[in-house]
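Report on the structure given below.
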Number of protein chains: 2
Amino acid sequence: MSSIHITARCPIRTTLELVGGKWKLLILFQLFNGPLRLTGLKKSIPDISEKMLIQELKTLADSELVSRKNFGEVPPRVEYTLTEKGKAAMPLIEAMRDFALRYERKME
Amino acid sequence: MSSIHITARCPIRTTLELVGGKWKLLILFQLFNGPLRLTGLKKSIPDISEKMLIQELKTLADSELVSRKNFGEVPPRVEYTLTEKGKAAMPLIEAMRDFALRYERKME
DNA sequence: CTGCATCCTTCACGATACTG
DNA sequence: CAGTATCGTGAAGGATGCAG
């Protein structure tokens, strides 16, 4: 564990680049319950703007954490699914939840 | 686990507010090895600016993840230590490391 | 429905100089 | 050594309108 060194490219920074920011982890978390379309995601994360949602989905797809499937129908139908790499974020999200809960518990 | 709902105050967002951003987790991680002074931290995170370091330490202290001890000496001597709440971030950092390593492994 | 383009605001972050 | 003050920049995020 002490084998992590703070350099230009350490695991912590890699993860921050992949899922850092305000939205990516929330999006990934929503997709754990199964594939969702843009509208479904928008509903489950009410306060994200459409622009940010599409933008983040694109970067998540670029880093292969999410896959985008276009059904080529009319009206358009596009489905977003977690990839294997994306599913690997589950323990991370659990750790975040545990941290927050423990933090709030100790606030008393 | 599916008990996390994306609301204004969900655990994920709480954690993002506490340790989100570019530097806080890196600082916490450095303090796992023991207390450090400002200069020591600066050396272990070479590319952080002095301003950001002090600023982040202050918010970490405000949220009680880090404690600041001023020895009141001359020249100044101030030591930063992880609190119990701060130590609770360890599993989070480990999860981030695991995620990054697994991600890179699957890149081959 | 999905997505792009634009314009705009905010703020995280950074560079530098200065103080006790 | 530790910290403050100031100024500046770029990126992140947001609002809105338009298009296939």
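The structure presented is a predicted model; accordingly, all values stated were derived computationally and were not measured. Computed from heavy atoms alone, side chains included, the values below leave out hydrogens, waters and symmetry copies. First the proteins, then the strands, lettered A, B, ... as listed; each starts at 1.
Rounded to whole Å, the distance from CG on A:L16 to C1' on C:dC13 is 15 Å. Taking atom CZ of B:F71 as the reference point, atom P of D:dG3 lies 12 Å away to the nearest angstrom. What separates CH2 of B:W23 from C1' of C:dA12 is a distance of 12 Å, to the nearest Å. Spacing between atom CG of B:L57 and atom P of D:dG3 amounts to 8 Å, rounded to whole angstrom units. When the P atom of C:dG3 is taken as reference, atom CD of A:E56 falls 15 Å away, rounded to whole Å. One interatomic measurement links the two molecules: CD of B:Q55 to C1' of D:dA5, which rounds to 13 Å at whole-angstrom precision. Atom CG in B:L53 sits roughly 13 Å away from atom C1' in C:dG14 (whole-Å rounding). The nearest whole Å value for the distance from the CD1 atom in A:I45 to the P atom in D:dG13 is 13 Å.
Of the two residues contacting DNA chain D, namely A:P76 and A:I48, the nearest-nucleotide position lying further toward the 5' end is that of A:I48. If B:N70 and A:M52 are placed on DNA chain D by their nearest nucleotide, the residue sitting closer to the 5' end is B:N70.
Using a 4.5 Å heavy-atom threshold, the side chains of A:I93 and B:I12 count as touching.
Within the 4.0 angstrom heavy-atom criterion, base atoms lie near B:E50. Using a 4.0 Å heavy-atom cutoff across all strands shown, A:Y80 reaches sugar-phosphate atoms only and no base atom. Using a 4.0 Å heavy-atom criterion, one finds that A:K58 contacts the sugar-phosphate atoms exclusively.
Comparing D:dA2, C:dT2, C:dC4 by their nearest atom to the side chain of A:I54 picks out C:dC4. Nearest to the side chain of A:P75, among C:dG14, C:dC1, C:dA5, sits C:dC1. For B:T39, counting side-chain heavy atoms from C-beta on, the closest listed nucleotide (C:dG14, D:dG3, D:dC1) is D:dC1.
Within the structure, every side-chain polar atom (N or O) of B:R37 is placed at least 4.0 Å from both OP1 and OP2 of D:dC1. Using a 4.0 Å cut-off, some side-chain N or O of B:K22 falls inside it from OP1 or OP2 of C:dG14.
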From CA spacing to verdict: salt bridge (Lys or Arg N to Asp or Glu O under 4.0 Å), A:D47, B:R13: CA-CA 12 Å; A:D47 53 351; B:R13 280 184 163 145; 3.0 Å; yes
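One N or O on the side chain of A:K24 and one on the backbone of A:G20 form a donor-acceptor pair closer than 3.5 Å.
Between B:L28 atom CG and B:E56 atom CD the span is 10.0 Å, to the nearest 0.5 Å. Separating the CD1 atom in B:I27 from the CG atom in B:L65 is a distance of 11.0 Å, to the nearest 0.5 Å.
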